[in-house]
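Have a look at the structure below before the remarks.
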Amino acid sequence: MPTKQSERKLTQYEILTSANREYRDRPYRWVLFSFPWGSGELEEFEGPDVWQTEELRKIEEQLLAGADLGVVIREAIASGHGIGKSAFVAWLILWAMSTYPDCKGVVTANTENQLKTKTWSELAKWYRLCATKSWFHLTDTALFSVLPEHEKTWRIDKVPWSLKSTEAFAGLHNKGKRIILIFDEASAIPDQIWEVSEGALTDKETQIIWCVFGNPTRNTGRFKECFTGPVAKRWKRKQVDSRESRLTNKDQIQEWITDYGINSDFVKVRVRGMFPAMSARQFISLTDVDAAFGRHLRVEQYDFAPKILTCDPAWEGDDDLVIGLRQGLAFKILRVIPKNDNDIQVANIIANLEDSEGADAVFIDAGYGTGIVSAGRTLGRTWQLVWFAGEPADPGCLNKRAEMWKLMRDWLKEGGAIPADMVLYNDLIGPETIPRLDGKIQIESKDLMKKRGLKSPNHADALAISFAWPVSKKRARGAKAAVCETEYDLFKDL
């Protein structure tokens with residue numbers, strides 16, 4: 001038998017359901033109705049800001065046009081600082097829950113701290129002011145129905161993303177009802193989380209709303225692709241300039257513009273809501289890679305320069321072994337082979353390419369290449385192992401890897417040409433630098449890249465290895481030994 005308390009809640013549920021039914025597809029009107037605009041904490045505000053109003057109405061238009069039949073509503077908002085983005089996220093959550101019984105959703109952000117101290121903290125503020133507050137419980141991890149029989153089916157969960165556990169995103173199904181998925185500071189959420197989430201939003205005849213927000217801090221990744229990539233046509237996009245928001249400190253903004261310049265990446269990201277030419281820690285700029293991408297240079301144009309054959313073996317099971325060739329300003333990829341632990345087989349492939357291409361030197365990443373070089377030795381080859389953690393010749397670099405990537409970056413700026421290969425393209429712009437007190441250049445490790453959701457940059461490393469040491473052309477055509485200007489002992493580490 002239901003208790004008097006549950007009977008009271010059910011009555012309240014029925015009253016509020018009736019009051020909110022007309023706002024099911026009208027988020028803007030619901031926001032106006034549900035908060036005490038013009039009084040108390042909101043005394044200075046008559047309603048949402050201009051951009052917030054436009055976005056709420058944009059969602060409203062799609063819902064009224066019939067987007068509850070399985071067409072996913074995708075909203076992407078890139079913005080400067082201080083525009084009221086977190087408040088907008090809180091309104092969406094509360095509207096979605098208040099106007100559709102048994103709505104389900106997930107909210108995540110770039111970091112657990114952002115999710116806790118910004119996104120969820122703002123939700124707590126607006127929950128406290130909301131007319132439907134008594135409908136729901138708000139905890140540190142979820143907003144859910146006060147009705148015991150609905151607390152599992154009518155809820156939105158705060159979920160920090162994890163590449164090791166994506167069940168919360170993969171399992172986001174709610175057939176015939178409403179699903180809402182929100183990414184806050186989406187620029188730094190790994191591509192794998194986006195992919196898992198997109199694959200889960202497949203329920204038929206379901207109202208599906210996916211909104212992503214953030215400062216456009218990175219010029220790579222799925223958030224950027226919402227605006228400029230091949231999937232951009234699926235998203236309703238908006239870039240919000242902080243100067244146009246009534247909430248921002250205009251004096252502070254003008255100081256930034258004066259100090260850094262209107263077209264600086266700093267102002268683009270923090271004020272104008274535009275993607276930077278180069279992310280804050282990105283080592284190689286998009287501009288340089290764009291210029292090199294598909295540039296029509298042939299290796300044969302540089303007959304005066306030595307040919308350097310390189311191999312970057314696969315790091316883990318989902319990585320590729322990549323063999324490349326650089327001569328002068330031209331680079332090409334000769335082979336891409338799924339992870340292959342047969343060192344003898346790989347050594348034979350490299351030996352055949354060394355002969356057919358007339359390579360002057362062969363450099364192989366020592367990380368997983370020692371067995372390949374050993375097998376090559378039995379074939380009479382004098383290949384060079386490259387230790388990425390080895391001592392650099394450049395004292396401004398932490399290790400050999402940083403030195404090679406620095407030389408590769410300089411080569412790109414000088415007019416280097418790379419094939420129209422999107423894997424290589426993304427590899428080059430993917431790695432970031434690690435700030436150091438001593439000022440030395442340090443490139444983030446492959447392990448750190450994997451934690452950010454990026455693959456090992458084997459294609460780019462195949463190019464970088466070609467800069468390990470200076471190489472001279474062989475004097476006698478057909479000679480097997482490379483003339484390499486280094487005193488490094490090839491077999492000292494075997």
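Within the structure, the salt bridge (charged side-chain N to carboxylate O under 4.0 Å, His left out) test picks out no pair touching residues 88-100 (sequence neighbours left out).
Between Trp126 and Trp37, the ring planes are tilted. Angles from 30° to 60° get that label. Classification of the Phe136-Trp154 ring pair by plane angle, with boundaries at 30° and 60°, yields perpendicular.
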Report task. Could you go through the ring pair (Phe, Tyr, Trp, His ring centres under 6.0 Å) check for Phe227 and Trp235 one step at a time? Result -> CA-CA 8 Å; Phe227 294 83; Trp235 290 84; 8.5 Å; no
Query raised in the report: Given Phe88 and Phe213, is the ring pair (Phe, Tyr, Trp, His ring centres under 6.0 Å) satisfied, shown in steps?
Result: CA-CA 10 Å; Phe88 186 83; Phe213 308 86; 5.7 Å; yes
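Trp256 does not carry Arg243 over the face of its six-membered ring by the limits of under 6.0 Å from the centre and within 45° of the normal. No cation-pi contact links Arg29 to Phe33, judged by a cut-off of 6.0 Å to the six-membered ring centre and 45° from its axis. Both tests hold for Arg409 against Phe283: distance to the six-membered ring centre under 6.0 Å, angle to the ring axis within 45°. A cation-pi arrangement, defined by a distance under 6.0 Å to the six-membered ring centre and an angle within 45 degrees of its axis, is present between Arg57 and Tyr28.
The salt bridge (Lys or Arg N to Asp or Glu O under 4.0 Å) test with Asp394 is passed by exactly one of Lys400, Lys406, Arg401: Lys406. Between His173 and the choices Asp203, Thr202, Thr206, the side-chain hydrogen bond (donor to acceptor under 3.5 Å, both in side chains) rule is met once, by Asp203.
Checking Trp161 against Asn110 by side-chain atom types alone, no donor-acceptor pair falls below 3.5 Å. Judged by distance alone, the side chains of Asn458 and Ser456 do bring a donor and an acceptor atom under 3.5 Å apart. Counting only N and O atoms by type, the side chains of Trp51 and Glu55 include no donor and acceptor under 3.5 Å apart.
Ion pairing between Glu41 and Lys125 fails under the 4.0 Å rule for side-chain N and carboxylate O. Between Glu61 and Lys58 there is no salt bridge, since no side-chain N of the basic residue sits under 4.0 Å from a carboxylate O of the acidic one. Of the charged side-chain nitrogens involved, none lies within less than 4.0 Å of a carboxylate oxygen, so that Asp191 and Arg222 do not count as a salt-bridged pair. Using a cut-off of 4.0 Å between Lys/Arg side-chain N and Asp/Glu carboxylate O, Lys446 and Asp312 are scored as salt-bridged.
Glu244 pairs by the salt bridge (Lys or Arg N to Asp or Glu O under 4.0 Å) definition with nothing, not counting sequence neighbours.
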Scan the side chains in residues 76-87 for donor-acceptor partners under 3.5 Å anywhere in the protein, sequence neighbours excluded, and list what turns up.
residue: His81; atom: ND1; partner: Asn215; partner atom: OD1; Å: 3.4
residue: Lys85; atom: NZ; partner: Asp184; partner atom: OD1; Å: 2.9
residue: Lys85; atom: NZ; partner: Glu185; partner atom: OE2; Å: 3.4

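Here the side chains of Phe183 and Ile193 are in contact, with some heavy-atom distance below 4.5 Å.
Taking all atoms of both residues into account, the shortest heavy-atom contact from Tyr260 to Ser264 is O-CB, 3.1 Å.
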